[in-house]
Amino acid sequence: MAVIKKIKEYKPTLSVFRLVTREAARSVLSPRFDDFQRRCHRRFKLRANPTHQLTDADEGSAFILMRPNTHHTVRFCAMTILVVALSGTTHAQNVIQKAHHYIQTGGATPIDFPIAPFGAETQAAVANMTLHFPNGSTLPIPYVAGDDQYESLSNFSTKAALDAAYPAGTYTLTGTGLATVTLNLPADNYPTAVPQITNGTWNAGGVLVIDPTQSVTLNFNNFTTYASAGFAGHEDFELQSNANFEKGIATVAAFGFTVSATPFTTVTIPANTLPTGGAFRAVLRYDTLTTLDTSGAGTVVLFSNQLEFWIAALAPGTTAQSQPFITAQPADRIAALGGSATFTASVNLGSGNQAADVHWYVNGAEINLQANPKYTFVRAGNVLNLTVNNITSADLGTYSFRLADTGGITGSNSATLAIGTSTGPAIVMQPAGHSLATGSSVVFSVVASGGNLTYQWKKNGTNIPVATAADFMIPNAQPSDSANYTVTVTNGTGSATSNAANLTVAASSNPGRLVNASVRIVSGTDANVLIVGFVTGGVGTSGNKQLLIRGIGPTLAGFGVGGTMVDPLLEIIPGGSSTAVQSNDNWGGDASIIATANAIGAFALPSATSKDSALLATLAAGVYSAKVSGVGATSGTVLAELYDANPSVFNAATPRIINLSARAPMANDNPLIAGFVVGGTTAKTLLIRAIGPTLTGFGLPGAMSDPSLDIIPGGATVAINSNDNWGGSNLITFTGNRVGAFALPDPNSKDAVILVTLDPGVYSAKVLGVNNASGITLVEVYEIP
């Protein structure tokens, strides 16, 4: 006997089952109940708690079987008993179901589940059946080994796509030697409300926080009914992830269901139901059973609404938990039919809760990791590995996962599995070693050719569990991190190991830091004026910082630069203000400026009467802009420079330059070039960004559509690091958050970003437009502590 599901893997849920006594069931189901119970028993053992054995003591009582680590759909045996009992048939069920899946992550109205929020499912009672659509197309119903069912599940990103694929009308199931089964799918019969929690405290990561030692009542939105017109309705609330609590009602009476035409709008979770420190997936769902064929064929048509949300059970006064994030995204895979492919990702659990839940999806459907032999899931610390075995054409498509702990919920990028062959990997850019000051950050990077690549970094030959991406970062490095670091790059064809990158970490009285920055561009008028932003200070610093700031125009002509600005005006404006605190038009041969420039190695301004601008500014820690405009609204090429006026004076409390940014219109014949100098005697890690498309979100028209970014050492013409599109790197996102950089909300945006550790020296960040694109671009350089 097949079993009606609430929504399969697309609709991830565990259910509570109320089994009736063997004698009561036999009176309705006859001998077929024994077989039915055996099927439920088998599913309980596979999908719920493998150690629980179904005994007579379980009959006639409500009980819950929970898996400790996975949460996949357990067949809704109670609903099947109800349907079979009401239909008067002992046949297995043939089902069509359409479902809408929501998620709530705060006090606002729930949103569509981010991974294929709409789904359609067909279930056949026996093998070798084919579904016939109203338009004449057909769909074979395959056997799903892990679910022990004959079923097909399709997922869609919009309701329109679902309705187009599964329109209202008459469907039939046929099979050789089998009677034709008719299923009439009406127009929308979803329950009449979007399920929603209307009370409680949500954290920034999107989970509902409760005190598990106290009784907690959850309030749901009020509405008039929980089922549209149809044969029957059902409402259910349940907690998953080792929590044993469920409440359900139905509009019809059978086998212990509470009968109610009115939906419940509150659920009380008793004190000590949830273990402290855990995260628990909760599901509130409404179903409309629109059609029940009582002729003996056992056909069912079902519409479902489901709300998913997460509960963090935290003791009062618990320090706020950080949201988990993904440090290495799963990558595309290429494999041969009949072979296997492994998707690998690395995560960082903000709460430190190693029991966080991981849910993998293929083409929008949640994978049953517990019972389906098609998939092997291995979690080693913070590294996640999903292997797809014995690949067929049905396994092709997109794979992703969602991660949840007490700090919040995080979803991965999608990675594609395709059929093909790949060449063995080769190291294109070797990782570089560095000398680093204690407490600084370092990034190791590798570039390799070949498809289907996986990465494993090693410290002195030993695998680093969390280091499984092309980039590997050590924040707050200590002398114990001094070692040789290598990375082995692997695909299905072979592997390649990089050269060793030696890291030396030691205390330093002269650590690496930004001591000079400059931007050269054509500065225009109004919105096209060159504005260079900078930030001074740093954690643990105090006092003022003296800077030499220059706006060079006429003197550039002596270096062979054409079209220079004739008379630049330099203004220093504090953040949040429109009024300059210092300004200079013509520098006038100021002796203190000459002395400072000579001391720090700035090129000389040969004429005391030139119209270049320069000033010495002593500034408190904070955010500032250096605006360089042409006197008389003139335009021309200009160089804005910012120097640490006392680069040799340093201790832990000395303010320093920690951020530089410049915004200007550019084209490939007028590239935006930001120069900077890493001073000191040790390496420094920097986050460098060229922002174009994301600027439109700030209401800025004319933004660069596709910038590329190159890092070029002084005196060289070849870039040592390049990036076109940043790719949604979670390491870059995490690092940007650390230093207060505004977020890049679209992982697929064409903004360019590089995270790199650089030895002391002179460098340029050069921005060009891909395919000769032009527009306003923002270049940024951030110091990474």
Side-chain angles (χ1 to χ4, degrees), residues 436-441 475-477 507-519 531-551 570-577 579-584 592-593 595-602 614-627 640-662 674-688 735-742 757-758 760-763 779-785:
L436 201 68
T438 301
S440 300
S441 298
N476 190 27
S508 174
S509 60
N510 191 17
R513 58 196 183 276
L514 286 171
V515 297
N516 166 234
S518 61
V519 175
I531 299 175
V532 178
F534 59 95
V535 181
T536 63
V539 176
T541 64
S542 61
N544 298 327
K545 185 65 182 176
Q546 187 178 50
L547 302 170
L548 171 63
I549 307 173
R550 306 197 301 184
L570 174 63
E571 299 174 278
I572 308 302
I573 305 169
S577 175
T579 303
V581 293
Q582 280 185 261
S583 63
N584 178 259
S592 61
I593 290 177
T596 302
N598 290 338
I600 62 179
L615 54 83
L616 278 170
T618 301
L619 301 173
V623 179
Y624 298 90
S625 294
K627 179 180 179 181
E641 298 180 299
L642 182 73
Y643 294 90
D644 185 332
N646 307 106
S648 62
V649 178
F650 181 85
N651 59 54
T654 304
R656 58 191 184 274
I657 303 168
I658 60 175
N659 169 232
L660 165 77
S661 62
F676 57 92
V677 176
V678 176
T681 59
T682 63
K684 189 64 187 175
T685 299
L686 302 171
L687 176 68
I688 306 169
T735 305
N737 291 339
R738 282 183 62 196
V739 296
F742 66 82
T757 300
L758 297 174
V762 179
Y763 300 89
V779 63
E780 302 175 298
V781 180
Y782 292 90
E783 172 198 89
I784 306 302

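These values consider heavy atoms only, across backbone and side chains, with no hydrogens, waters or symmetry-generated copies. One is the number of the first residue; the rest follow in order along the sequence.
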Please walk me through it: do Leu615 and Ile572 pass side-chain contact (heavy atoms from CB on, under 4.5 Å)? CA-CA 10 Å; Leu615 54 83; Ile572 308 302; 4.1 Å; yes
Worked check of side-chain contact (heavy atoms from CB on, under 4.5 Å) between Leu547 and Tyr624: CA-CA 12 Å; Leu547 302 170; Tyr624 298 90; over 6 Å; no
Run the numbers on Lys684 and Phe676 for side-chain contact (heavy atoms from CB on, under 4.5 Å), then give the verdict. CA-CA 12 Å; Lys684 189 64 187 175; Phe676 57 92; over 6 Å; no
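Looking only at side-chain heavy atoms (C-beta outward), Thr596 and Leu616 come within less than 4.5 Å of each other. Between Val781 and Tyr763 the shortest side-chain heavy-atom distance does not fall below 4.5 Å.
Thr438 places a side-chain N or O within 3.5 Å of a backbone atom of Ala507 that can act as its donor or acceptor partner. A donor-acceptor pair is defined here as one N or O able to donate and one able to accept, closer than 3.5 Å; such a pair exists between the side chain of Thr681 and the backbone of Asn510. Looking only at distances, no side-chain donor or acceptor of Ser577 sits under 3.5 Å from a matching main-chain atom of Pro574. Side-chain atoms of Arg513 come within 3.5 Å of backbone N or O of Pro511 as a donor-acceptor pair. With Ser625 contributing its side chain and Lys627 its backbone, the two residues share no donor-acceptor pair below 3.5 Å. Formation of a donor-acceptor pair under 3.5 Å by the Asn584 side chain with backbone atoms of Leu570 is not found in this model. In this structure, Glu641 contributes its side chain and Ala614 its backbone to no donor-acceptor pair below 3.5 Å. Judged purely by atom type and a 3.5 angstrom limit, Thr618 has no side-chain atom pairing as donor or acceptor with the backbone of Gln546.
Of all non-hydrogen atoms in Ser508 and Thr682, the two that sit nearest each other are OG-CG2, 3.9 Å. For Ala517 against Leu660, the heavy-atom pair with the smallest separation is CB-CD2, 3.2 Å. Of all heavy-atom pairs between Ala626 and Ile549, the closest is CB-CG2, 4.3 Å. Residues Arg738 and Pro475 approach most closely at NH1-CB, 4.1 Å, considering heavy atoms. When all heavy atoms of Ala580 and Glu571 are compared, the pair lying nearest together is CB-CB, 4.0 Å. When all heavy atoms are compared, the tightest approach of Gly439 to Asn476 is CA-OD1, 3.3 Å.
Screening Val515, Ile657, Leu514 for a side chain to side chain contact (heavy atoms under 4.5 Å, CB included) with Val677, the sole residue that qualifies is Val515. Considering Asp644, Thr536, Thr654 as possible partners of Lys545, the one that fulfils the side-chain hydrogen bond (donor to acceptor under 3.5 Å, both in side chains) test is Asp644.
In this structure, the separation between CD1 on Ile593 and CZ on Arg550 is 9.0 Å, given to the nearest 0.5 Å. Atom-to-atom distance recorded for Ile658:CD1 and Leu686:CG is 12.0 Å, nearest 0.5 angstrom.
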